[in-house]
There are 2 protein chains.
Amino acid sequence: MVFQEEHITEIGKKLHQAGMKLTPQRRATVNTLLKYQTKHLSAEELFTLIKLEEPEIGLATVYRTLDLLTELQIVERVTFDDGVARYDLRRADQQHFHHHLLCSVCGKVEEIHEDLLGEVENEVLRKYGFTVQDHRLTFHGVCEACSRKERYQDQG
Amino acid sequence: MVFQEEHITEIGKKLHQAGMKLTPQRRATVNTLLKYQTKHLSAEELFTLIKLEEPEIGLATVYRTLDLLTELQIVERVTFDDGVARYDLRRADQQHFHHHLLCSVCGKVEEIHEDLLGEVENEVLRKYGFTVQDHRLTFHGVCEACSRKERYQDQG
DNA sequence: GTCGGTGCAAACGCTTTGCAACCTA
DNA sequence: TAGGTTGCAAAGCGTTTGCACCGAC
């Protein structure tokens with residue numbers, strides 16, 4: 001995938017700028033993040049998948065790499081209420097226009113890449129004097145597929 | 001505080017309805033939650049405070065009580081990105097109109113009790129077919145006090 | 001040769017659980 | 001007195017850290 005290679009070299013550059021190396025382990029981690037984009041995988045889940053490409057890698061290295069990528073703002077760490085950290089590759093074009101829909105029936109996590117909060121953030125500044133730099137917005141509810149199923153069951 | 005007593009008996013009723021008892025430990029926990037409302041304390045912090053009223057209480061009981069109150073929707077469990085659960089007494093009149101402002105300078109957590117998301121939730125239903133039941137919204141940024149300080153420093 | 005990066009195992013902090021004793025409705 | 005509730009200690013789980021070894025520049 002050319003697209004993927006571009007991403008990797010771009011990330012390699014960022015690492016270099018920070019005086020750090022693009023090791024095979026880090027490359028494999030980024031590859032896996034790219035491959036499972038928007039899946040919101042935990043460190044342990046990523047570890048299992050990364051091992052397919054880089055079997056010798058250790059869990060600690062995965063954590064360290066994810067921390068590093070988070071600091072460089074290449075990935076975003078999200079914590080839902082289960083307390084487990086999940087990791088998301090950040091799109092280059094995306095500031096913080098990124099929300100989650102968490103279905104309480106099937107557990108699926110959907111992403112919305114659209115800024116729903118522009119006006120709301122202005123309001124927060126106006127009313128509370130709070131300057132918003134970033135946000136975390138997760139909606140809990142029922143996704144389209146599950147709603148349909150529920151309606152179906154109610155009738156049947 | 002009459003207000004507080006009302007709350008306690010009301011919560012006692014809810015427990016009763018669920019076939020559970022209002023023990024001294026639970027009473028002390030609710031009292032402390034009332035006393036430090038909107039402080040977003042962790043279980044450990046609450047434990048320390050509850051012990052002032054009920055010195056024999058164990059940490060496990062605090063966790064169990066908080067779990068119980070969360071299930072009964074009397075308190076709300078919030079997890080910011082540090083991964084530690086914090087607990088918030090739910091106001092009777094409040095559905096989910098409750099957001100957080102997290103200052104990245106001083107670490108303070110402010111609450112907003114105002115529904116900023118009514119229109120946004122309609123949009124989510126319209127565009128994504130997702131029926132919103134609840135949400136978590138946290139703004140990361142700089143609070144009014146810290147903004148003022150920063151402006152002052154820039155000038156001085 | 002230096003210095004960052006790695007794997008392993010041990011440690012860590014928050015949370016949950018097993019169990020015997022307790023106590024309240 | 002029956003069943004929920006408790007305190008304690010141990011275990012659980014995700015995450016971090018110490019350390020010796022490795023490998024690229």
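Nothing here was measured: the structure is a model prediction, and the numbers come from that model.
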How would you list, by chain and number, every residue that makes a side chain to side chain contact (heavy atoms under 4.5 Å, CB included) with B:K108, sequence neighbours excluded? B:C106, B:E110, B:C143
Scan nucleotides 16-24 of chain D against the protein and return all N/O pairs shorter than 3.5 Å with their distances rounded to 0.1 Å.
residue	atom	partner	partner atom	Å
D:dG18	O6	A:R64	NH1	3.4

Restricting to side-chain hydrogen bond (donor to acceptor under 3.5 Å, both in side chains), what partner residues turn up for A:E123, sequence neighbours left out? A:K127
Rounded to the Å, how far apart are B:R27 CZ and C:dA25 C1'? 15 Å
Using the C1' atoms of five pairs at each end, what's the angle between the two axes of the helix from C:dG1-D:dC25 to C:dA25-D:dT1, to 10 degrees? 30°
List for me each residue that meets side-chain hydrogen bond (donor to acceptor under 3.5 Å, both in side chains) alongside A:Q17, sequence neighbours excluded, and say none if there are none. none
Report the residues that fulfil side-chain hydrogen bond (donor to acceptor under 3.5 Å, both in side chains) with A:Y128, sequence neighbours left out, ordered by chain and then residue number. B:E114
Atom pair distance, as rounded to whole Å: CG in A:L69 and P in C:dG5: 12 Å
B:R86 CZ - C:dG13 C1' separation (whole Å): 13 Å
Excluding sequence neighbours, so at least two apart, what forms side-chain hydrogen bond (donor to acceptor under 3.5 Å, both in side chains) with A:T79? B:D81
Expected list for residues 56-68 of chain A: side-chain donor-acceptor pairs under 3.5 angstrom, two or more places apart:
residue	atom	partner	partner atom	Å
A:T65	OG1	A:T61	O	2.8
A:D67	OD1	A:R77	NH2	3.3

Output every pair passing salt bridge (charged side-chain N to carboxylate O under 4.0 Å, His left out) with a member in residues 41-55 of chain A, not counting sequence neighbours, ordered by first then second residue. A:E45-A:R86
Same hydrophobic cluster for B:I50 and B:L41, using side-chain heavy-atom links shorter than 4.5 Å among ILVMFWY? yes
Rounding to an integer number of Å, can you tell me how far B:D81 CG sits from C:dC14 P? 16 Å
Identify, residue by residue, the members of residues 40-58 of chain A with a heavy atom below 4.0 Å from DNA chain C, and return them in order of residue number, or none. A:E56, A:I57, A:G58
Pairs in or reaching into residues 64-84 of chain B: which pass ring pair (Phe, Tyr, Trp, His ring centres under 6.0 Å), with residues at least two apart or in two chains? B:F80-B:H100
By side chain to side chain contact (heavy atoms under 4.5 Å, CB included), which residues pair with B:L22, not counting sequence neighbours? B:I8, B:L15, B:R26, B:R27
